[in-house]
Structure formats: C-alpha cells, structure tokens
Amino acid sequence: MTQHLEEAGAQTAGDPDYRDEGLEFPPGFVFGSATASYQIEGAVEADGRGPSIWDTFSHTAGKVWNGDTGDIACDHYHRVESDLDLMKQLGLESYRFSIAWPRIQPTGRGPANEAGLAFYERLVDGLLARNIKPIVTLYHWDLPQALEDGGGWTNRETALAFGDYARIVGERLGDRVAVWTTLNEPWCSAYLGYGSGAHAPGRTEPAAALAAVHHLNLAHGLAVSALREVVTNDPDFAITLNLHVFRPDGDTGAEAVRRVDGLANRLFLDPLLNGTYPEDVLADTAGITDWSFIQQGDLGIIRQPLDLLGVNYYSTTRVRMWDGNGEKQNADGHKPSAGTAWPGADDVEFLPQPGPYTEMGWNIDPSGLEDLLVSLHERWPSVPLMITENGAAFSDVVETDADGQRRVHDFDRIDYLRRHFTAAHRAMSRGVDLRGYQVWSLMDNFEWGYGYSKRFGIVHVDYETLERTLKDSARWYARLIRERRIPGLE
Ligand code: FCB
C-alpha cells in the first residue's frame with residue numbers, strides 16, 4: 001500500500017492529483033453499485049435455468065483460474081433478501097444487475113420460464129420497496145448454451161432471439177425498471193469470446209469476432225425497439241461499453257491508436273450513435289472478412305435514440321506500431337490466451353504502463369476517465385453519460401478489530417474510488433452531462449477467467465461461509481452517498 005501511495009504521489013508537475021475532497025455532486029446524480037448474474041447468483045440449476053456458455057467454459061479444464069466456476073458464486077439467488085438489505089444499509093440509490101437469459105429462456109428461445117421471471121420481479125420489487133432504482137442489464141455474457149451451439153453471436157439468429165428475449169422481460173418488468181441497458185461490454189463478448197478465447201465460448205477466430213461485433217450491435221437495436229413497444233413507464237434506454245482510452249507512444253502512436261480505437265471504440269460508437277461503420281476499420285480488416293453479414297437496413301435498426309450511454313472504465317492502454325524487431329510487447333491488460341483480441345491489428349504493440357497498479361495489473365489512471373467522459377461529451381453533446389462500472393481489485397485481508405468486529409481495511413480501494421470520483425467530478429465541471437456512478441462491485445464475485453482470485457467488492461464475501469462483511473470502502477461510499485460530497489480520509 002505504501003508503495004502504491006508513494007507512486008501515486010509521484011505525479012508529473014502540473015498533473016492533477018485527483019485526490020480532492022469535499023466536491024459536491026448535484027441532486028439527481030445517482031450513486032449505486034453493480035453486479036452481474038453469473039458472477040454472483042450461483043444456483044445454476046435452480047428453477048429451470050438452462051446452461052450458459054459460462055457454465056460450459058468454466059467447467060472446461062484450464063479455462064478459469066483454479067478450476068473455479070459460478071455454480072455457487074455468492075449464492076445471491078438464495079440470499080436476495082439479505083443482499084437487498086445490505087444495499088439499503090449502504091444507502092445505495094441504484095443497483096445495476098443483469099438478468100440471466102437462460103433463467104428466462106433456458107435454450108434462448110421459446111416460452112418464458114415463469115420461475116426465472118419471478119426471481120427478477122422479486123428483486124426489482126425489493127429494490128423499489130427500498131427506494132433503490134433498478135438498472136437492468138439484459139446481457140452480461142451468459143448466453144444460453146443452446147444458442148452458442150447454433151453459432152452464438154456469429155449467427156444473426158442470436159440477435160433476433162435477443163430481441164424476443166428483451167420483449168419477454170419488458171412485458172413483465174416494463175412498468176418498473178428505471179434504466180434498461182441492453183448489452184454489457186460487447187467488446188468483451190466479441191473479441192474475448194470469439195477472438196482471443198479468454199472468455200466463453202473460447203473461440204479463436206478473427207472473422208467470427210468481427211461477425212459477433214455486428215450481431216451484438218444489431219441485438220442492441222432490436223432489443224431497444226422491442227422494449228420501446230412494450231414498456232409502460234418512461235425508462236431510460238442505454239448500452240454499456242468498455243471504451244478504451246488509448247495513449248499514443250512515439251512517432252507511430254497515432255497510427256496505432258487509429259487502428260485499435262477503430263476496433264475497440266468506433267466499431268460500436270459509430271453504428272450506435274451515427275448509424276455508420278468506420279470505413280478505415282472495414283478496410284483494415286478486409287483480409288479477414290468482407291463484412292457481408294451487414295444487411296440492408298441493419299444500421300437503421302442499430303441506431304436507436306439513446307437516453308444514456310453507459311461507460312465502464314478501469315485503466316488506460318499505451319500503444320505504438322511494432323517495428324518487427326525483438327519480441328512484440330503485449331501488455332494490453334487482458335488475460336493472455338491463444339488467439340487475438342485485435343483482429344487485423346497484429347502489428348500494434350501494447351506497452352507496459354507506469355503504476356500504480358491494481359491487483360489485476362491494471363494501471364491506475366483517473367485522468368483516463370476524465371479524458372474519456374470529456375471526449376464523449378464533445379463528440380455527442382446531447383447524449384447523457386452514466387458510469388456503469390468503475391472499481392478495483394486488491395488483495396484484501398479480513399481482520400478482527402479490538403471490538404471483535406470483522407473488518408477489511410481496504411485503503412487502496414478507497415483511494416482508487418476517491419480519485420475516480422474526483423475525475424468524474426472534474427469532467428462534470430467541464431460540462432459533461434454525467435448522471436450517475438455505479439461502483440463495481442457491490443460484492444466480491446466470480447471474476448471470469450480469474451475465478452475467485454480477484455476481489456472487486458466493497459463488500460467482502462467469504463467463499464467458505466458466504467458471509468458478507470462491509471469493507472471500509474463500503475463505509476466510505478455510504479458516507480459519500482449520504483453527504484453527496486467526496487469525503488476525505490479519516
Ligand atoms: C468488466 C466486466 C465486469 C467485471 C469488471 C472487473 O469488464 O463487465 O463483469 O468483470 O470488468
């Protein structure tokens with residue numbers, strides 16, 4: 001920790017330190033926290049849930065750290081009432097959670113599974129009863145396995161099925177949900193799922209990854225238009241992207257940024273918000289695919305008016321073109337694996353970043369968040385933004401204090417959050433229309449390929465007993481929410 005602080009203090013002269021305190025957030029700004037179904041629910045066979053690609057992947061040897069699976073996870077499915085009480089205790093104003101498609105349609109098609117709908121209805125009603133806004137994500141990566149067996153996101157049919165699924169959920173909950181987010185981080189679904197193979201379904205086919213990008217975009221458009229037809233209240237419609245903040249390095253940095261920004265950011269933002277695909281990226285990838293899966297009318301479907309753009313932010317990425325000498329560096333922060341997450345950009349080099357780092361090895365750089373929010377606002381001034389994820393993994397230790405209370409003194413996480421809330425506030429003072437902040441994550445959980453080895457929660461979960469313990473960061477956050485201003489350190 002000390003080392004982190006010293007490094008964090010070693011800012012270049014003139015750079016903001018981002019550890020302000022007392023900054024006040026306006027009324028209406030929504031403080032919440034986020035989770036995702038497969039990461040917390042467990043109960044994978046309960047009440048008719050079908051298998052998802054993450055069940056298959058996590059049960060495949062060698063795919064997830066330590067052979068961990070989401071079979072039990074935090075057992076949230078059975079502990080929903082006490083978890084809701086915990087949210088209330090923290091004073092959360094919103095809760096971002098995802099719906100497991102295979103609980104609603106066990107094979108991804110056909111009639112709704114009543115027990116699955118009933119579970120989420122109970123959750124939503126439990127939130128409303130506690131005055132917490134439900135922010136629903138329809139897809140946080142747990143695709144029904146049966147759809148993957150038919151080609152998954154490489155198959156247009158999956159996008160059509162997603163529209164039907166959205167309608168089913170909207171018909172049931174469309175009078176109560178405050179914000180509908182269609183997809184979480186389609187970048188990960190497409191490039192880690194079908195390109196690098198680090199995520200389920202673990203395919204390593206560059207052309208498949210690009211087809212997945214388009215079908216995910218299409219799925220978003222179909223879902224928003226289906227929801228619009230069935231909801232009866234006046235919710236916000238959104239999508240959550242993990243937009244990458246690239247820093248150019250040296251003479252070739254600008255070209256490298258153009259290439260990876262195209263793949264990671266513009267292949268989503270341009271169709272979603274402008275109704276176009278970036279010509280330069282189609283050209284860069286012409287040797288991999290001819291993009292003939294884009295059909296007439298698709299771009300019109302994809303470009304739906306959005307009430308909010310969800311932004312997930314963790315760190316920054318430094319790139320340059322590889323000069324072909326020595327071994328290419330690959331510090332892109334994503335679990336290394338067989339394939340590539342960057343189809344058509346194999347000659348881009350990812351350079352290590354200066355610290356401090358979180359337990360993921362991701363560099364801590366709150367200026368990236370400020371830059372990202374400001375640049376989105378400048379490009380699309382009429383699209384309000386919401387931070388739908390931000391947070392950090394550290395190796396937490398549970399201690400028993402003199403008063404016999406279990407405590408987790410996670411000063412590093414408080415410092416991380418404080419600096420990112422400061423960055424968000426700075427962006428707002430520069431005119432960014434930022435509507436809220438959902439801390440990742442409410443509780444420690446199954447961190448995908450890293451299993452249970454990385455703890456992102458502001459609430460600690462003991463995976464033996466499933467006991468929840470508020471970390472100091474949870475208490476700090478509760479105070480921020482109560483006072484609506486960034487607390488100092490005590
Ligand atoms: C994001 C995911 C989320 C969690 C955090 C750490 O990419 O959306 O589920 O894994 O990273």
Side-chain angles (χ1 to χ4, degrees), residues 32-42 52-54 57-58 63-65 68-70 73-74 76 95-101 135-143 181-193 195-196 198-200 216 220 238-245 264-265 268 309-317 332-335 337 341 357-364 368-369 372 386-396 410 412-413 416-417 420 437-459 461 473:
S33 189
T35 63
S37 47
Y38 190 72
Q39 295 182 275
I40 65 164
E41 285 179 0
S52 79
I53 55 174
W54 270 96
F57 191 75
S58 66
K63 298 297 187 191
V64 174
W65 179 87
D68 289 349
T69 73
C74 308
H76 168 73
Y95 175 53
R96 173 179 181 246
F97 63 95
S98 79
I99 293 184
W101 188 351
I135 302 180
V136 168
T137 300
L138 283 171
Y139 183 73
H140 202 126
W141 308 352
D142 37 7
L143 186 72
T181 306
T182 53
L183 306 174
N184 175 71
E185 302 191 352
W187 182 89
C188 293
S189 301
Y191 295 112
L192 302 183
S196 79
H199 279 188
L216 284 153
H220 159 82
I239 183 168
T240 281
L241 303 177
N242 58 324
L243 297 165
H244 285 54
V245 177
N265 300 333
F268 300 100
L309 176 63
V311 174
N312 290 358
Y313 175 82
Y314 292 93
S315 65
T316 56
T317 307
D332 79 345
H334 297 286
K335 196 167 176 276
S337 51
Y357 307 100
T358 69
E359 191 67 16
M360 297 296 283
W362 298 346
N363 65 303
I364 301 174
L369 178 59
L372 175 60
M386 159 95 81
I387 296 169
T388 39
E389 284 181 29
N390 173 251
F394 290 107
S395 52
D396 301 317
D410 57 339
D412 280 341
R413 186 172 291 101
Y416 180 98
L417 289 173
H420 287 79
Y437 205 124
Q438 313 306 314
V439 169
W440 185 270
S441 177
L442 175 63
M443 61 184 110
D444 294 335
N445 57 49
F446 176 81
E447 179 46 36
W448 310 113
Y450 299 89
Y452 296 101
S453 68
K454 307 292 181 212
R455 293 180 175 273
F456 274 91
I458 54 174
V459 175
V461 176
S473 56

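Counting starts at 1 for both ligands and their atoms, following the listed order. On a predicted model such as this, the values are computed, not experimentally measured, just so you know.
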Heavy-atom pair of closest approach, residues Asn363 and Ser315
O-CB, 2.9 Å
Flag for Tyr314-Glu389: side-chain donor and acceptor within less than 3.5 Å:
yes
Compute whether any side-chain donor of one residue and acceptor of the other, for Thr240 and Thr388, lie under 3.5 angstrom apart.
yes
Plane angle bin for Trp448 and Tyr38 - parallel if under 30°, tilted between 30 and 60°, otherwise perpendicular:
parallel
For Met360 and Tyr450 the tightest heavy-atom approach is CE-CE1, 3.5 Å
Within the 4.0 Å heavy-atom sphere of ligand 1, strictly under, residues
Gln39, His140, Trp141, Asn184, Glu185, Tyr314, Glu389, Trp440, Glu447, Trp448, Phe456
Do you know which two heavy atoms are closest between Asp444 and Phe456, and how far apart they sit?
OD1-N, 3.6 Å
